[in-house]
Amino acid sequence: MLLYAGQRLAAIVPTLIGVSIVTFGLLHLVPGGPAVAMLGMAASDPKAVAAVTRELGLDRPLPTQYWLWLRRALGGDFGMSTEFHVPVSSLLFPKLEHTLILTAGSLVYAIVIGTILGITTALYHRSLFDRLAMLFTLIGASAPVFWIGLLLSYLFAIKLRLLPALGMTSVLGPPTVLSVLEHLILPAFANAIIALAVIARIVRSAMLEALVQPYVLAARARGLPRWRQVVVHAFRNVLPDAINITGLQVGFLFGGALFVEVVFGWPGLGYLIYSSIQARDYVTMQAAVLIVSGVFVIVNLAADLARLALDPREARR
Amino acid sequence: MSAAAEDVRARPVPRSARRQAADAFLRDRMAVAGLIVLVLAHAAAILAPALTRWDPTIGDEDGILVPPFSPGHVLGTDEQGRDILARILFGARLAFPEAVVPVVAAGAAGLVLGLIGGFFQRVIGEAVMRTLDVLFAIPMVLLAIAIATTLGSGLPTVILSMAIVITPYIARVVATTAAQQRSAPFVEAARCAGFSEWKILRREILPHVIPAVVVYGTTNMGAMVVFAAGFGFLGLGAQPPTPDWGAMISGGMRSLASAPWVSTVPGIAIVVISLAFNYVGDGLRVALDPRLRTRL
Amino acid sequence: MTVLGPAPVPARAAEGEAPLLEAANLTVRFGSPAGEVHAVEDVSLRVAPHESVGIVGESGSGKTVTCMSMTWLLPSPPARYVGGHIRFKGEELRRNDEAQMRRIRGRGIGMIFQNARLSFNPAYRLGAQIAEVLRMHFRTPWRAQLPRVLETLRYCNIADAEGVLQRYPHEVSGGVAQRVSIALALLIRPDLLIADEPTTSLDLLSQIEVLGLLERLRAETGLALVLVSHDLNVVRRIAERVVIMYAGRIVEEGPAHEIFAAPRHPYTQGLLASALQRTEGGRLYELPGTPPDLAALPPGCSFRARCAHAFAPCTSMPPLLPAGAGHAARCHLLAREAADG
Ligand SMILES: Nc1ncnc2c1ncn2[C@@H]1O[C@H](COP(=O)(O)OP(=O)(O)OP(=O)(O)O)[C@@H](O)[C@H]1O
Ligand code: SF4
Ligand SMILES: [Mg+2]
């Protein structure tokens, strides 16, 4: 187990290097090359171009350029935002925190509702409830998150006035945890829908399989109550699968956050990326891809290890 | 869709098996319904100019934000007074290529890469698979948006970036299927019988790999409709005033409180088409997998 | 005991003893694409206190479905309980009364299964699973239970009792798992133990060991036992009374010595012939033919297609006809003999 964990930990190093090469390459795809990308509007000044070329070693061979870039990035220096004229890192990290809050909120929704839905639909397999729930998850998974966000916003914020429509904290008064949570309810739910649907479907089909396993029947024959058969016995064996699929959903939640943040004015990375797209701020974009991918790789590793730890047959290998 | 159907026809399966598959597909009511929806929507996209008298790009200043079911504007108008039905119909002309072209392109690329990784399995195959692993490590939407932003907006960029980000997924499907087949006893037997690698590939591997790609691809066309809408929403897709479903949703955001239909209607179109692709993909999976087929 | 025909009086009931378990007219079916599977048809079964009953029949004859139905264990759907009553210690077992069934399952009627390893959850250690069940039934702390648990495990020939508690199901052999599951059933102290082919999936040595254990249990405790097998030889040493099932029905039942000495039903005779030859190491005698499709049972005696004695009346289903004290067989030949004699 420990050995395997070590192997997995070691295996993410080449992945991270690969990710950094891809993100490094992005700037070189910008029409006009990296110097133009780094300078934005100022690229019309040949002197500025010459300066940035010299400073970043853009006239050196690509591997050298990559190495110089990587060293700076590891030191937290992602360059200057061409839009906001401040170091990208000072833009990025506060926003990353906000996006992580949103993603975590969505994850809670997806895990809690998705799991409960998956278990109950499996228990009431082929009932009307099961059919409706599956139709709902299918539609939810086929709809754009930003559209769902807009519908929720229209219904709960504009029409019913139950929840705030925009932002992360209340404009009036100091920001409190409670007000953040209140602002989180709608965007996190909108963002969670697809992951929720996927988790519900995986849990449902795995539960359907687990519920007819001999050990569940044996638990029943030994006089254990129904809830223990379902939760302690059947669901426990679904857990590794559920964790695996949840880990994979985290990437989609990051992706979805990008759109949901735009709809709900959530001041996170997504909103930053959105403004970077509008302003063609390639440097900020590049850094955001790098950071989010890094977080994603680590989350997946954690999910993978958790799954292993929960499966005694795997763990002993 | 047409590409998927062609792939099915290209399978070197005996006639009876093909018949069985068709029968199984036709028994799946949701799949048939999905197929009908897709055919009708596709026809509507082609016939758009004949189906509406409105120009999707030119608004009527006297008739902005007309609610649905009004005379002349069945689905209402947007903030520039453009007929929403016309924009939906013309928008479908983008939605179909945006769904199909990236999948077909990625299907071809994924097939080659996946076979290199899963069937040939030499150093180069290993290298291909490791490279694809890297692409898995970057959240798909984010990577696609980064590529599209870098290359500049517009339909070709959107299609290219979608194709790039789904290629690893298709390659993985191909590689796992091919690797499974590769170690199957009858493939070993064929190899012992002196069949060339190419012949084994054509006779034993592709007949399993291609249906898997077709099923996976068709199901993902639904996701591509949603994905492309995301590009439109962010302003990365076809540029205004070209009607694009995703862009229509973001255009309606400003008038959400007073005219919710402007954003709602294109979303419904997206859900319907994406669901239809999903059901067709499901139907194909059952139809092309003999094990699932007999169980029904 | 039986539904059709005059009910023969079973030996124990004659002594005036109230039955421990009594199943009457049990009928269980399963929906399937090919039609409804008549898994168990009109089965009536009686087990007296301390009695041991063997149920024997080919694969698919409905033994497992019968056993599971004793505590309404089969999930429904897919199972469809068409009819039947179960009484345990004089109490009617109501199928939908979960509270009552939980009291009976494990505590009143214990059960062990064919594949013991699969009857334990792969995700938990054996000790934890034993603890869970005991906590449920006795509400005493694990530490107080532990000595009794170890003692019972050792009684079931598990030498390394402490070690086994720390193992996962996949880490022990099938034989050990079966002995642990017997130990667990015993720990709950049931009045009746139903063992559904407890040795079928085991290697020969473990088979002998588990059967020996069951025999010892019979002799040393007052436990009533239902032992299911497709092999007459397995029940021979243990059962006082034997029930033969074919295509979902009881085709013969009676005291063990009579069934082995003078089987009356042609199917039982065939089974016995094959069982005897196997023990004597001779050429294997196999019953020719296969059992009928339970989804499309032909009218008449289910055994007709394989029966060497079939004659005209066999196109109707024979009732269970008396063949001595506590002995009955479902065959028209008995009626003919009675008429002839
Ligand atoms: N869950 C189920 N769904 C459908 N049919 C079933 C189900 N369980 C049992 N059956 C059918 O009921 C019939 C009786 O099965 P049962 O398991 O009781 O036989 P058995 O005598 O125990 O055989 P074996 O020696 O193989 O254990 C079989 O034909 C089987 O196909
Ligand atoms: S009833 Fe007829 S067919 Fe059935 S066992 Fe007796 S003789 Fe054979
Ligand atoms: Mg059985």
Side-chain angles (χ1 to χ4, degrees), chain A residues 11-12 14-19 21-23 26-31 37 138-148 150-151 153-155 158-159 165 194 250-256 258-259 262-263 269-270 273-274 276-278 280-282 285-286 288-290 292-294 296-297 300, chain B residues 30 130-153 165 222-223 225-236 245-246 248-250 252-253 256-258 260-264 266-279 282:
Chain A
I12 69 168
T15 309
L16 286 175
I17 291 176
V19 169
I21 292 176
V22 171
T23 35
L26 277 176
L27 276 197
H28 287 261
L29 291 177
V30 174
L138 196 61
I139 292 178
S142 309
V145 281
F146 49 90
W147 183 68
I148 291 175
L150 284 173
L151 293 187
S153 172
Y154 178 73
L155 188 63
I158 296 173
K159 278 284 141 186
I194 294 184
V250 174
F252 292 99
L253 289 179
F254 274 129
L258 197 97
F259 299 97
V262 175
V263 171
L269 267 187
I273 290 174
Y274 179 65
S276 310
I277 295 171
Q278 310 301 324
R280 304 272 168 235
D281 185 345
Y282 303 107
M285 181 99 209
Q286 182 193 38
V289 172
L290 190 64
V292 171
S293 306
F296 182 49
V297 167
N300 271 338
Chain B
M30 291 315 284
R130 293 289 81 79
T131 311
L132 294 179
D133 277 351
V134 169
L135 294 183
F136 281 118
I138 307 177
M140 182 164 85
V141 176
L142 193 59
L143 180 61
I145 287 171
I147 295 173
T149 311
T150 312
L151 298 179
S153 33
V165 297
V225 176
V226 179
F227 205 157
F231 281 104
F233 180 80
L234 295 176
L236 282 169
W245 292 350
M248 287 170 73
I249 295 179
S250 70
M253 254 166 79
L256 184 67
S258 56
W261 60 87
V262 182
S263 285
T264 309
I268 295 173
I270 294 168
V271 171
V272 168
I273 299 300
S274 140
L275 268 181
F277 273 121
N278 277 330
Y279 277 121
D282 260 9

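Keep in mind that this is a model prediction, so the values were computed, not measured. Just so we're on the same page: letters track the sequence lines, and every chain starts at 1.
Looking only at side-chain heavy atoms (C-beta outward), B/Thr149 and A/Ser276 stay at 4.5 Å or farther from each other. Side chains of A/Phe254 and B/Leu142 form no contact here, defined as non-hydrogen atoms less than 4.5 Å apart.
Top candidate by heavy-atom pairs under 4.5 Å with chain B, chosen from A/Val262, A/Leu26, A/Ile148, is A/Leu26. The residue among B/Leu234, B/Val226, B/Ile268, B/Leu143 with the most heavy atom pairs within less than 4.5 Å of chain A is B/Leu234. Among A/Ile12, A/Leu150, A/Thr23, A/Val297, the residue making the largest number of heavy-atom pairs under 4.5 Å with chain B is A/Leu150.
If you take CG on B/Asn278 and OG on A/Ser142, they are separated by 4.5 Å, rounding to the nearest 0.5 Å. The structure places OG of B/Ser274 at 8.0 Å from CG of A/Leu138, a figure rounded to the nearest 0.5 Å. Rounded to the nearest 0.5 angstrom, B/Thr150 OG1 and A/Arg280 CZ are separated by 9.0 Å.
Considering every non-hydrogen atom in both A/Val263 and B/Met253, the closest pair reads CA-CE, 4.2 Å. Closest approach of A/Trp147 to B/Val271, counting heavy atoms only: CZ3-CG2, 3.6 Å. In plain terms, the two heavy atoms of B/Val141 and A/Phe259 that are nearest each other are CG1-CE1, 3.6 Å.
With a 4.5 angstrom heavy-atom cutoff, A/Ala288 touches chain B only via backbone atoms. When heavy atoms are compared at a cutoff of 4.5 Å, A/Leu258 approaches chain B solely by way of its side chain, counted from C-beta outward. Only the side chain of A/Val22 comes within contact range of chain B, with at least one heavy atom under 4.5 Å from a heavy atom of that chain. Using a 4.5 Å cut-off between heavy atoms, A/Ile273 contacts chain B through its side chain alone, with no backbone atom that close.
Not a single donor-acceptor pair under 3.5 Å links the side chain of A/Gln286 to the backbone N or O of B/Ala146.
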Practice problem: Go through the steps for B/Ile145 and A/Met285 under the test side chain to side chain contact (heavy atoms under 4.5 Å, CB included), then give the verdict. | Solution: CA-CA 9 Å; B/Ile145 287 171; A/Met285 181 99 209; 3.6 Å; yes

Practice problem: Step by step, work out the side chain to side chain contact (heavy atoms under 4.5 Å, CB included) result for B/Thr264 and A/Tyr154. | Solution: CA-CA 10 Å; B/Thr264 309; A/Tyr154 178 73; over 6 Å; no

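Among residues 133-140 of chain B, the residues having any heavy atom closer than 4.5 Å to a heavy atom of chain A are, in sequence order, B/Asp133, B/Val134, B/Leu135, B/Phe136, B/Ala137, B/Ile138, B/Pro139, B/Met140.
Residues meeting the ring-ring contact (aromatic ring centres under 6.0 Å, His included) test with B/Phe227, sequence neighbours left out: B/Phe231.
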